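Everything on this sheet refers to the single structure shown next.
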Amino acid sequence: MTPAELSQAVQAAVSAAVEAGELAVAVPEHVTVERPKNRDHGDYATNVALQLAKPAGMPPRAVAELLAARLRETTGVAKVDIAGPGFLNITLDAAAQGLLARTVVEAGQAYGRNEALKGLKINLEFVSANPTGPIHIGGVRWAAVGDSLARVLRATGADVTTEYYLNDAGVQITKFARSLQAVANGKPVPEDGYVGEYIGDIAKAITDGVPGVLDLPEDEQLQVFRAEGLKLMVAEIKRSMEEFGVHFDTWFSEKSLHESGAVEQAIDRLREQGHVFDQDGAIWLRTTDFGDDKDRVLIKADGETTYFAADAAYYLSKRDRGSEVSVYMLGADHHGYVNRLKAIAACAGDDMDRNIEVRIGQFVKMLRDGQEVRLSKRAGNIITIDDVVDWIGVDAARYMLARSSTDSTITIDIDLVTSQSNENPVFYVQYAHTRMCGVARKAAELGVDKGAAEDFKPELLATQWESDMLGALGEFPRVIATAGELREPHRVARYLEDLAGKYHRLYENCMFLPKGDEELTDTHRARLWLVEATRTVLANGLTLLGVSAPERM
RNA sequence: GCGCUCAUAGCUCAACGGAUAGAGCACUUGACUACGGAUCAAGAGGUUGCAGGUUCGAAUCCUGCUGAGCGCACCA
């Protein structure tokens, strides 16, 4: 019996009580059934009686009594206790619980997928770092979290488009081009330019790739460095993202918004909605109508469009391309943008509480020799995505960055992670997976297997360790659904750590294979189903995080 | 000055308003002639920054305070 099925059973118990006239409430659309932390509280617990007590005008425990009586009649339910203020503690019979192992194995890679967000069209934008340098550690966090979130959302049935917004127009690119040009000509980079080895590398690639570029007039030369530098830098970013296991469906060019007239069209559309006004020679969007602390300029008095105007056009582009929910993942230094971005959606006539989500994530702090390493894209000693991968590898990097809530600043001690990578939780989880594969290898060696599905005896999975394991396996679909709904992929990582721990304990306490001259028993076979089910969930979960599930380490 | 975010064990971090706040690491003590010991068991470690409030129930929600990070352009 899965938690979802149990939840329906509880709901049915409420319905039955209502129909019998014993309970005067509206039947809740969804009943929460959860694994209690304390196993003395049964396999599952529900607080539904506490929640219905007030509307029913009855004491919580009286409501609980009504429901408990009906639940005890439910197939697969072994015991129902009423505890504390009115919790219902439900214990399943071993067979009903054990059946889950076969369910999981038979579902395979599909186990855990659900339809919590079925059909929802989501545009998920993340990283979007300026193409004026390599991706630095902050961007790496969004790459890990954003890509995992995309995978999680897809597992909940959402139709997700991942997108990288390339700021390929504007003065930063010009500064970048001037820096390349200066270095190529053996001159010092301008005061406000970009420095770092990569500037020299790209400059050299351009002078090598475009013979005679240095003989061109200065203006033409700059154009070459701008165009070629941008191309090379974007290619470099794409390469590092792909190597990190992160794929973007769309690389969206800011410049294209300006060149196609999309920015002007966007302003016209916002004007039609009545939120655009002229003042002091500039054209403004009245974002203060929707919670922004000041109105924003779209077109400056000198006729130039602002970056904000491009933001507006970009949002409308996402909308025009079918996005129902546009999710922006921004760094903490962009929190001031939340209100103005949401106001764009509202000014366009959209629901700013549904059609747009701006998620702010905190920074990653890097320590080396006990000192914080300051991150500056313009400084030479930046920590890039390639540095991180070199030090700790893609798996550990992705896992470490994705296992924490983006609300928390996280601190990564480079010395610790590089010198003692065994302490990394990802190894704990991956090791559990290799152990399960080891069991399968050993079974093959012994020439035994878990047997046919119809011979599986779920009631033999009856020890506390097996029960714990089965309970955890049953949670997986809900973990994914919650992670998707809350946009918090770190929940998957935490779940896997718990699952791995339960497996390690199961391993210590239950033999899966016969030893010595023993015969393979039905208990062994049932446990082999459980091991295979656990391996399936662990592998599925690691895939959602973009982390490999190794057979050997 | 105004605003946003954060504050949980020695460290790094969890905890859809639920029961005794949990993991990993580090520390102490144990466990390998069995499926991989990169493991497990036990122990120790907390006034969830402070003070109020709402609630049957608060780390979680509200108010105030303290501390930290960040942001407040006709820049991009």
Side-chain angles (χ1 to χ4, degrees), chain A residues 32 34 36-38 40-41 45 47 50-51 53-54 59-60 83-87 89 130 167 169-175 254 279-284 293-294 296-304 306-308 310-311 331-339 360-363 365 400 403-405 407-413 416-417 420-425 427-428 430-432 434-443 445-446 478 481-483 485-486 488 490-491 493-495 497-498 500-501 503-516 518 524 527-528 531 552-553:
Chain A
T32 303
E34 60 183 14
K37 291 172 195 163
N38 185 338
D40 294 338
H41 296 151
N47 62 354
L50 289 165
Q51 290 178 334
K54 187 165 281 182
F87 289 103
N89 293 334
N130 280 352
N167 298 123
V171 303
Q172 294 305 320
I173 297 296
T174 301
K175 288 177 183 174
E254 179 198 353
Q279 186 179 303
D280 303 331
I283 297 176
W284 301 67
D293 53 351
K294 58 186 68 167
R296 304 292 168 179
V297 172
L298 292 163
I299 299 181
K300 297 188 277 182
D302 64 7
E304 293 270 319
T306 61
Y307 187 87
F308 177 70
D311 278 340
D333 55 339
H334 283 69
H335 70 251
Y337 290 59
V338 176
N339 287 341
I360 296 300
Q362 301 301 312
F363 293 125
K365 192 193 283 186
M400 287 302 278
R403 74 186 284 267
S404 296
S405 161
D407 288 341
S408 300
T409 55
I410 53 176
T411 303
I412 295 179
D413 186 326
L416 192 84
V417 176
Q420 299 179 45
S421 57
N422 287 5
E423 293 172 11
N424 191 316
F427 290 98
Y428 183 84
Q430 288 183 318
Y431 179 58
T434 65
R435 272 184 145 183
M436 297 176 211
C437 293
V439 170
R441 280 194 296 270
K442 185 74 176 179
E445 233 174 78
L446 296 174
R478 278 208 302 216
T482 303
E485 284 163 10
L486 300 179
E488 293 182 346
H490 76 274
R491 289 169 184 276
R494 298 294 169 162
Y495 166 78
E497 287 171 33
D498 180 64
Y503 179 74
H504 287 312
R505 287 187 280 280
L506 175 72
Y507 182 95
E508 295 291 326
N509 291 288
C510 297
M511 285 300 297
F512 307 139
L513 294 168
K515 56 179 175 181
E518 282 180 9
H524 288 129
R527 287 176 177 168
L528 288 172
V531 172
R552 301 171 191 273
M553 289 174 71

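None of these values were measured; they are calculated from a predicted model. Chain identifiers are assigned alphabetically (A, B, ...) following the order of the sequence lines, protein sequences preceding nucleic acid strands; residue numbering begins at 1 within each chain.
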Any side-chain N or O of A:Lys54 below 4.0 angstrom from OP1/OP2 of B:rC56? yes

Roughly how far, to the nearest 0.5 Å, is the CD1 atom of A:Ile360 from the NE2 atom of A:His334? 8.5 Å

By the Watson-Crick or G-U definition, both distances under 3.5 Å, B:rG46 is matched with none

Pairing partner of B:rA15, by Watson-Crick or G-U wobble and under 3.5 Å for both distances, is none

Please produce a list of atom pairs where a protein N or O lies less than 3.5 Å from an N or O of nucleotides 74-76 of chain B.
| unit_1 | atom_1 | unit_2 | atom_2 | d |
| --- | --- | --- | --- | --- |
| B:rC74 | O2 | A:Ala301 | N | 2.7 |
| B:rC74 | N4 | A:Asp280 | O | 2.9 |
| B:rC75 | OP2 | A:Lys300 | NZ | 2.5 |
| B:rC75 | N4 | A:Tyr337 | OH | 3.3 |
| B:rA76 | OP1 | A:Lys300 | NZ | 3.3 |
| B:rA76 | N6 | A:Tyr337 | OH | 2.8 |
| B:rA76 | N1 | A:Tyr337 | OH | 2.2 |

Integer angstrom distance from the P of B:rA58 to that of B:rA21: 13 Å

Answer yes or no on whether A:Arg435 is positioned over the face of A:Tyr503, meaning its NZ or CZ is under 6.0 Å from the six-membered ring centre and within 45° of the axis. no

Taking only Lys NZ, Arg NE, NH1 and NH2, and the carboxylate oxygens of Asp or Glu, determine whether A:Glu445 and A:Lys442 approach each other closer than 4.0 Å. yes

Both distances below 3.5 Å, Watson-Crick or wobble geometry, any strand: find the nucleotide opposite B:rA51. B:rU63

So which nucleotide from B:rC70, B:rA19, B:rC35 ends up closest to the side chain of A:Asp333? B:rC70

Please evaluate the base of B:rA41 for a donor-acceptor partner in the side chain of A:Asn509 within a cut-off of under 3.5 Å? no

Need the pair for B:rC25. Rule: Watson-Crick or G-U wobble, both distances under 3.5 Å, any strand; none if unpaired. B:rG10

With rounding to whole Å, what would you report as the distance between B:rU54 and B:rU60 at their C1' atoms? 13 Å

Provide the closest heavy-atom pair for A:Pro60 versus A:Pro85 in the form atom of the first, atom of the second, distance. CB-O, 3.2 Å

Does A:Asn47 contact B:rG18 through a side-chain donor or acceptor facing the base, at a distance under 3.5 Å? yes

Euclidean distance for C1', B:rA7 against B:rU47 (whole angstrom): 15 Å

Who does B:rG1 pair with, Watson-Crick or G-U, both distances under 3.5 Å? B:rC72

Any donor-acceptor pair under 3.5 Å between the side chain of A:His335 and the base of B:rC70? yes

What's the closest nucleotide to the side chain of A:His504 if the choices are B:rC40, B:rG18, B:rU5? B:rC40

Residue closer to the 5' end of RNA chain B, A:Gly84 versus A:Met553 (nearest nucleotide): A:Gly84

So, A:Thr306 side chain and A:Leu298 main chain: donor-acceptor pair closer than 3.5 Å or not? yes

Counting only side-chain nitrogens and oxygens, does A:Arg491 get under 4.0 Å of the OP1 or OP2 atom of B:rA15? yes

Which residue lies toward the 5' end of RNA chain B, A:Ser408 or A:Thr434, if each is placed at its nearest nucleotide? A:Ser408

Can you sort out the partners of A:Glu485 under salt bridge (Lys or Arg N to Asp or Glu O under 4.0 Å), two or more places apart, ordered by chain and number? none

Looking at the side chain of A:Arg505, which of B:rU5, B:rC40, B:rC56 is the nearest nucleotide? B:rC40

For A:Tyr428 and B:rA38, is the gap between ring centres under 5.5 Å while the planes differ by less than 30°? no

